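The structure presented is a predicted model; accordingly, all values stated were derived computationally and were not measured. Lettering follows sequence order; numbering is per chain, from 1.
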Number of protein chains: 2
Amino acid sequence: MASLPVLNQPPHLCAALLDHLSRRVRTRSETVLAPLGLRPRHLVTLTVLRDHGSSTQQALAARLGIDSTNLVGLLNDLEADNLIERRRSPEDRRRHVVDLTDVGAKKLAKAEFALAAVEDEVLAALTLEQREQLYSLLQQATATTDIAACAGAEDEPAPPVMYR
Amino acid sequence: MASLPVLNQPPHLCAALLDHLSRRVRTRSETVLAPLGLRPRHLVTLTVLRDHGSSTQQALAARLGIDSTNLVGLLNDLEADNLIERRRSPEDRRRHVVDLTDVGAKKLAKAEFALAAVEDEVLAALTLEQREQLYSLLQQATATTDIAACAGAEDEPAPPVMYR
DNA sequence: TAAATGGTTTGTCTTACGCAAATGACTTGT
DNA sequence: ACAAGTCATTTGCGTAAGACAAACCATTTA
């Protein structure tokens with residue numbers, strides 16, 4: 001791609017608008033998540049566990065792009081409400097395998113039900129098709145670093161770029 | 001839409017993945033923006049001013065979804081580097097009209113040049129077409145609340161939902 | 001057995017907010 | 001003309017979400 005002419009460069013950068021839209025959604029999300037005892041960072045974690053399955057803490061921290069000590073606190077929140085469970089890995093007892101519980105899956109479903117109204121509002125300018133398209137793109141874009149948090153909680157390669 | 005059957009409901013919610021991806025992009029963005037003396041919040045502001053033109057502070061705060069006192073600080077940063085300028089509105093001298101300067105536009109272009117590499121990396125799973133598609137969706141989704149920050153810095157209707 | 005690893009706790013610091021109060025300049029209403 | 005309202009500003013306080021460091025325990029590897 002480096003050899004392609006400039007014309008093939010994407011003319012538009014997503015970074016600013018991604019941040020911009022994300023903030024909007026997040027602010028509104030907070031109001032509906034709070035009654036469920038959840039914050040956006042909880043929501044993201046539950047979503048990742050649901051979509052990608054169980055994971056070691058190290059891999060999860062890498063996927064979420066947060067410091068492992070902060071992940072501990074985050075998981076403590078979730079575990080306190082039985083939304084996740086930590087079990088020692090049979091392959092290496094130093095490790096925890098983190099799983100979404102049934103309670104957690106139900107809570108996530110509740111959260112998403114509440115979030116539907118938020119998205120109806122904040123993403124009002126998009127048709128349902130466009131929203132599905134957006135989801136699909138987001139899913140694809142975030143799936144990449146799936147490599148870092150390989151399926152299951154088995155040996156993973158070194159995690160890629162840490163993200164905030 | 002409320003009368004439509006459940007089948008017409010979007011099956012996927014974007015909130016979590018939007019937050020997730022946005023974080024990733026933002027973290028990487030910070031490293032390339034820092035040498036330019038910019039932070040993501042600066043980038044978003046400059047982008048909004050470029051895309052939507054001049055605006056009163058009140059309207060800008062509404063569009064960005066941040067508290068007016070925080071906007072003052074943000075604008076102070078930008079004005080200090082001559083990236084924006086504040087001029088008293090001729091219609092109402094209590095108001096400032098905020099404009100992107102030429103220096104600001106150049107700085108934004110530099111930032112976007114730097115961000116291209118970031119997006120090449122973080123959005124590697126998307127084709128160029130998909131990235132353009134993502135931009136288009138983001139642009140459309142965020143344009144809605146354009147109504148709040150009507151063209152120019154003239155009278156605006158009450159701003160919609162404040163966002164974070 | 002020593003060194004390395006995964007997770008945990010604790011502490012410190014930074015950043016980005018929301019919110020409140022007070023202020024000065026300006027506009028609107030009486 | 002004066003009071004009330006409005007816009008932006010400064011200051012202060014508090015919260016949340018991180019990064020990073022150090023120390024520790026349990027476990028695994030060299």
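- Atom-to-atom distance recorded for A:D67:CG and A:T69:OG1 is 3.5 Å, nearest 0.5 angstrom.
- Rounded to an integer number of Å, the gap from CG of B:L33 to C1' of C:dA16 is 16 Å.
- B:D99 pairs by the side-chain contact (heavy atoms from CB on, under 4.5 Å) definition with B:S54, B:E85, B:R87, B:V97, not counting sequence neighbours.
- Rounded to whole Å, the distance from CG on A:D67 to P on C:dT14 is 17 Å.
- A donor and an acceptor atom, one from each side chain of A:Q58 and A:T56, are nowhere located under 3.5 Å apart.
- A straight line from CZ of A:R24 to P of C:dC17 spans 14 Å, rounded to a whole angstrom.
- Rounded to a whole Å, the CZ atom of B:R28 is 16 Å from the C1' atom of D:dA19.
- Between B:R23 and D:dG18, a side-chain N or O to OP1/OP2 separation shorter than 4.0 Å is present.
- Two residues are said to be in side-chain contact when any heavy atoms from C-beta on lie closer than 4.5 Å; B:T47 and A:H20 fail this criterion.
- Minimum heavy-atom separation, B:R63 to A:R24: O-NH2, 3.2 Å.
- Contact check, A:R41 against D:dG18: a side-chain N or O comes under 4.0 Å of OP1 or OP2.
- Looking only at atom types and distance, the side chain of B:N76 has a donor-acceptor partner in the side chain of B:R86 under 3.5 Å away.
- Picking from C:dG6, D:dA17, C:dC19 the nucleotide with the shortest atom distance to the side chain of A:Q58 gives C:dG6.
- Residues B:T127 and B:E129 bring no donor and acceptor atom of their side chains to less than 3.5 Å of each other.
- Judged by distance alone, with hydrogens and angles left aside, the side-chain atoms of A:R88 form a donor-acceptor pair with the main-chain N or O of A:R94 at under 3.5 Å.
- Residue A:E30 contributes atom CD, which lies 11 Å from atom P of C:dC19 at whole-angstrom precision.
- Ion pair B:D19/A:R23 not flagged as a salt bridge, since none of the NZ, NE, NH1 or NH2 atoms sits closer than 4.0 Å to an Asp/Glu carboxylate oxygen.
- Rounded to whole Å, atom P of C:dT9 lies 12 Å from atom CG of A:D77.
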Using nucleotides 27-30 of chain C, report all nitrogen or oxygen pairs with the protein that are shorter than 3.5 Å.
residue, atom, partner, partner atom, Å
C:dT27, OP1, B:R93, N, 3.1
C:dT27, O4', B:R94, NE, 3.4

Protein and nucleotides 9-11 of chain D: nitrogen or oxygen contacts under 3.5 angstrom:
residue, atom, partner, partner atom, Å
D:dT9, OP1, B:R86, NH1, 2.6
D:dT9, OP1, B:H96, ND1, 3.3
D:dT9, OP2, B:Q57, OE1, 3.3
D:dT9, OP2, B:Q57, NE2, 2.4
D:dT9, OP2, B:R86, NH1, 2.9
D:dT10, OP2, B:N76, ND2, 3.2

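- Note on B:R39: a side-chain N or O is less than 4.0 Å away from OP1 or OP2 of C:dA16.
- Spacing between atom CG of A:L74 and atom P of C:dT9 amounts to 13 Å, rounded to whole angstrom units.
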